[in-house]
Amino acid sequence: MTSRIEHISQQRREKLDRLRASGINPYPHRYHRTHTAQQAVDLLKQKEAGLSQAEELEAAVAGRITARRLMGKAAFIDIRDGSGKIQLLFQDIKQLDARRSELFDSLDLGDIIGVSGTLLRTRTGEPTIKVRDFTLLAKSLQPLPEKWHGLSDTEKRYRQRYLDLIANTEVRDIFQIRSRVISAIREFLNQRGFLEVETPALQPSAGGALARPFVTHHHALDQDFYLRIALELHLKRLIIGGFDKVYELGRAFRNEGISTRHNPEFTMLESYEAYADYNDIMNMLEEMVAGVCQQVLCKEEVEFEGNTISFKPPWRRINLREAVKEYSGIDFVQYPEVDLLRSRMEEMKIEVDPEKNWARLVDELISTFVEPHLLQPTFLIDYPVSMSPLAKTKPDNDRVVERFEAFAGGMELANAFTELNDPIEQRRRFVQQQKERRKEGEAETVDEDFLLALEYGMPPTGGLGVGIDRLVMLLTNQQSIREVILFPQLKEKP
RNA sequence: GGGCCGUUAGCUCAGUUGGCAGAGCACCUGACUUUUAAUCAGGUGGUCGCAGGUUCGAGACCUGCACGGCCUACCA
């Protein structure tokens, strides 16, 4: 007994063989279409609006068959291309010549065809091409997902994203928006005189953030490399080299947990601007996000998890210490030692990992108490220096750095600071960080190459990092990062 | 790493107290010249995720495993 799928596939292979035997190429090389489906519909509308004098409107379109309604001597077929859907009317299919008749009978849902004919509107008002000639462009051997419910099996949607894209038009929309968001960001930065650059993804040491990297090996060099966890250190080298405004839109890789907000590879924007500080960056970021939102969605606010989020500048700006005090009741400055802070948190019945250092405890306070409240775009400003080894301290307080993180929809969107450009101080911070890491049992090397670069002199610089995937989540109201990444990481199926 | 949930036809899903494996769509055959989730009549299609166990009998109950989802943990 053959299963259904084997049976369908078998039938289609037999059709394929019959077509070939009749001299029909089921996979021809090209088709000259004159219109996309959308253009054909627009053409018809123009004529109806009296903008065209033509008696009969001709169009040749091509696309995938998504529905078929056979009516005896007539047939309606829906095809879809990248622009949308259009209906085809085949009349008098019993009168087709032998070759076309055979081809018509062999058509299946999922096949790609090209058709030419005249535009009309049926009595129900559907824009339609009355087909004069048609040709097979690609035979499909697999049945499509169900037409009404689409494809909803999450695993299958991710593993076979092409089926998801065929079956679920909302999914197409998300990735079109993603593309436009990235274009809009490029445009914004280019217009401001930023230079787009590309820096290595394979690095001898993975710096610029503290995350576990992926390790790989270069055979010819016989050397281990790390996939970058941030773009930061190379972009700063370019600031030193005299490019005053640079940015990179690229993939970063972190060998950590996977969740609705984390994918092992994700897309970051990092930008660096010489002679700017974090206040300038704040202004730029809120202007950029509001502008991108306006340009892509034609509005300045979005719905996210049932809340309306407005990106209209200026965004709320609150001091980190004040925010933590407000939402958790703990003023971490009053607990400058890790043990003090930990016991204060334990008093509040917060589960505290005894391995965590002071900076990470503060981080936990932020993510537990503050982050979930930050629905409207908010800048958290001025972080403890121990949490921020690459940021410059405030002129009047060497325990606090000029750093902000931007939040919206309860998610961290961006991280930015006035960059530390004192090479001696930077070395001290790296060494300090290395000690902390050793305590946690992880060795970390000081990036001597970067420190050497800093010694040549880096201008005062404002730097920014934005999680593009999360920004797209916000703009498309998606609660899982996998819904905005075309091929999210899944475990290989055995 | 931990908890909860899911996995049944190509797709979307039912499956009662443990008692013959079901529906819709899709597919095949037939009818039908303006339908659009077309309609009507008939038909084909199953490793019930995998491996064990309990039982006269398991899709269902038990154990383990795999994959996925959500939560949690981890996470600059």
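What you see is a predicted model, and the numbers here were worked out from it, not measured in a lab. Each chain gets a letter, A, B and so on, in the order the sequences are listed, and its residues count up from 1.
- With no hydrogens or angles considered, no side-chain donor-acceptor pair links A:Gln478 and A:Arg470 at under 3.5 Å.
- By the 6.0 Å contact criterion, CZ on A:Phe332 is enclosed, its count of non-hydrogen atoms from other residues, nucleotides or ligands being greater than 12.
- Comparing A:Leu151 and A:Gln87, the nucleotide of RNA chain B nearest to each residue sits closer to the 5' end for A:Leu151.
- Distance, A:Glu371 CD to B:C75 C1': 12 Å, rounded to whole Å.
- Summarising the geometry, the separation between CG on A:Leu109 and C1' on B:A38 is reported as 14 Å, rounded to the nearest angstrom.
- Residue A:Arg69 places a side-chain atom within donor-acceptor reach of the base of B:U35, judged by atom type and a 3.5 Å distance cut-off alone.
- Across A:Phe450 and A:Asp447, no two heavy atoms sit closer than the pair N-OD1, 3.0 Å.
- Across the strands present, B:A21 finds no partner; the criterion is a Watson-Crick or G-U wobble pair with both atom distances under 3.5 angstrom.
- Rounded to an integer number of Å, the gap from A:Leu144 CG to B:C25 P is 17 Å.
- For A:His7 and B:C27, a side-chain-to-base donor-acceptor distance below 3.5 Å is absent, hydrogens and geometry of angles not being considered.
- Note on A:Lys94: nothing from the nucleic acid sits closer than 4.0 angstrom, heavy atoms only.
- For A:Ser152 and B:U12, a side-chain-to-base donor-acceptor distance below 3.5 Å is absent, hydrogens and geometry of angles not being considered.
- When the P atom of B:G10 is taken as reference, atom CG of A:Leu163 falls 14 Å away, rounded to whole Å.
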